[in-house]
Amino acid sequence: MLSRYGGYMGKVMILDLTTGKAEEYPWTDKQREMFIGGKMMAAKILDDNFSGSERPFSEENLIVISTGPLTGTGAPSSSRFNLSTLSPQTGLITSSNCGGTFGWYLKKAGMDALILKGKCPERSWLEIHNDKFIFHSAQELWGMKTTETQDALTDLLSAKAGKKARFGKLCIGPAGENLVLYSAVVSDERAGGRTGVGAVFGWKNLKAITVSGNHDIPISNPEKTAAHLKKWFKYLRNHPLTGNQLPRLGTAGLVSSMQMRGLLSTKNYNYGHYEDFEKVNGETLAEEHNIVNKGCLSCPIKCARTVNVCGHEVKGPELETLGLLGGGILNNDLEKILRWNNELDELGMDTISAASTLAYAMEANEKGLWDNGLRFGDTDGISAIWEDIAYRRGVGAELADGSRRLSERYGGKEFAIQSKGLELAAYEPRKAVGMGLGYAVSNRGGCHLNGGYMVIMEGLGLNINSQTPHAKADGTGMFQHLMEMISASGQCLFTSYAFFPGFLLTRPNGPITSTVNFLVPYLGWALRFLNKFPTVAALHLPVFHHTKMIKYALGMPMTFGKYMRCGERGYNLERKVNAKFGVSAFDDTLPKRLTDVPQNPDDPTTKVPLEKLKKTYYRARGWNQNGLPTKATLRKLKIDK
Ligand code: SF4
């Protein structure tokens with residue numbers, strides 16, 4: 001079913017892992033217009049196939065590996081692909097986004113998406129070349145760590161081709177094989193890290209996938225696309241965040257700003273400041289450890305760090321890992337964080353959930369709830385703990401289940417820092433209450449990105465009042481819509497950092513920035529109007545190049561308003577699917593530490609006024625009091641069937 005639009009390969013395949021049979025899954029241009037690609041397209045496929053009775057570890061669970069129409073088109077930071085499934089951590093639908101080259105190669109094989117159903121009868125890996133699907137025994141790969149697995153696949157395919165083979169690959173490590181609930185899928189050096197997608201691969205006996213092909217990715221208007229790309233790359237390179245801070249320091253560069261603003265989760269979120277932050281911040285990482293900046297395909301931002309661990313050049317840690325494995329467990333040894341980060345990648349585990357679960361266990365031990373031998377600041381045996389988690393041995397077997405389940409077992413729900421079963425990132429929301437709302441309502445659980453990342457307005461980019469609830473619900477909705485679309489299009493969310501004009505960021509105390517910071521909390525009504533009637537913005541914004549790229553590369557009519565409406569559709573669709581699995585306002589929660597205990601005992605506003613924020617958010621979204629989209633909202637978005 002080829003597409004009239006550029007960017008798309010025009011084919012979605014569904015592969016039955018049980019029988020090995022592959023067939024085309026119907027997907028039309030109308031659906032491409034409505035659901036674009038990536039996570040949104042996956043949500044539609046899951047909505048059409050799930051009744052609500054499916055379980056993460058079951059043959060009925062599907063894995064949708066999808067690309068966006070901009071994946072591989074040369075658009076900035078567009079090497080992304082998406083993995084959607086039912087998460088073993090949350091029991092809800094999830095999407096995990098990954099860089100690397102796999103997405104580009106999937107399109108070279110002629111597919112926009114691949115749906116996996118059933119379960120391999122034995123441990124297997126899958127080789128895809130164009131429309132051929134070949135299963136191989138993974139008996140010899142089983143037990144290998146992620147780099148070793150990918151190297152072994154390269155050797156196997158190169159031996160078969162008689163030359164160095166070029167292909168995309170993804171795999172799981174021992175954690176996924178042993179159903180650690182927060183296992184990752186790793187592709188090159190990047191990871192689809194969050195929500196346990198790796199464990200679903202492990203349950204389905206699927207160790208790895210390789211993909212290659214020789215299809216070309218069509219572009220609707222190559223001349224206009226090329227001219228637009230030239231402008232866009234230049235804009236990103238000149239922007240203070242995407243052209244300076246991220247390339248210079250990576251996401252790690254935010255650690256110092258977070259410390260300054262009380263946003264750095266410390267000692268399992270007891271505090272928002274870590275006295276030794278300078279030993280584990282981006283500046284120290286850059287000065288003492290960074291060897292070279294790396295980036296995903298066609299990315300001018302190049303936010304990835306490369307560091308030396310035991311004589312090997314490996315990927316450096318992101319901000320979340322530095323925060324949670326630094327102040328989060330009272331560890332000021334950066335070299336240990338570099339090593340642990342690599343160990344977790346090799347075992348195939350999400351660093352955020354692993355670190356936060358460890359912090360919960362340390363606090364449970366300190367409070368006498370669970371005698372597990374783990375203590376804040378005592379970090380000598382942590383490498384062995386990661387191994388124990390991955391192989392489900394000793395205390396590791398329990399840690400492998402994540403903080404929510406442990407708090408149900410041992411108590412301490414108020415300090416299990418998770419929402420819907422997914423551990424929060426390192427941004428302490430009591431000093432950024434909009435971020436707190438986002439964590440709570442996020443479709444995939446406590447995720448800063450799916451939650452709308454309001455913290456960028458509340459101290460990390462702009463500096464609006466971080467404690468006021470005003471404009472936070474509407475701002476959260478707006479950013480959720482934008483990020484939904486950026487991701488669905490196949491691009492990295494960091495391209496959205498350039499949404500804020502550079503002059504606002506380079507002069508944080510200048511009169512214009514100060515005025516904007518002052519005014520935004522009073523502009524909730526304007527944001528709500530824009531969210532409600534996005535089509536009034538039938539234009540392209542000079543700071544937001546994404547819409548013109550869709551217009552030129554795909555030949556699909558697009559404006560900023562249409563882009564927003566499409567993102568809103570995606571967000572509501574995910575909520576609609578989650579509602580089948582019983583999600584409601586009851587699940588949009590945060591641990592009591594964040595809602596009931598002020599971070600600053602002398603300032604009662606330093607906690608998240610969650611119930612108040614939720615009410616405004618639901619109303620603004622057209623959801624009922626139970627947190628579910630009304631029929632009218634679903635009808636408006638054309639997802640009521
Ligand atoms: S900004 Fe970083 S994560 Fe995003 S595509 Fe570029 S290198 Fe990859």
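One-based numbering, in listed order, for ligands and for the atoms of each.
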*Asks:* Quick check on Lys224: does its NZ atom have over 12 non-hydrogen neighbours (other residues, nucleotides or ligands) under 6.0 Å away?
*Replies:* no
*Asks:* Salt bridge (Lys or Arg N to Asp or Glu O under 4.0 Å), that's the test. Do Glu148 and Lys145 meet it? Break it down for me.
*Replies:* CA-CA 5 Å; Glu148 193 185 4; Lys145 293 183 177 172; over 6 Å; no
*Asks:* Is there any side chain to side chain donor-acceptor pair (under 3.5 Å) pair reaching into residues 239-259, and which pairs are they, with sequence neighbours excluded?
*Replies:* Asn244-Arg248, Thr251-Glu318, Ser256-Asn281, Ser256-Glu283
*Asks:* Give a yes or no on whether Lys315 atom NZ has more than 12 heavy-atom contacts from other residues, nucleotides or ligands under 6.0 Å away.
*Replies:* yes
*Asks:* Will you find, in the side chains of Ser353 and Glu423, an N or O donor that is under 3.5 Å from an N or O acceptor?
*Replies:* yes
*Asks:* Closer than 2.8 Å to atom 4 (Fe) of ligand 1, which protein N, O or S atoms?
*Replies:* Cys492 SG
*Asks:* Just by distance, with hydrogens left out, do Glu346 and Thr147 show a side-chain donor and acceptor under 3.5 Å apart?
*Replies:* yes
*Asks:* Below 4.0 angstrom from a heavy atom of Arg190, which ligand 1 atoms are there? Numbered from 1 as shown, please.
*Replies:* 3 (S)
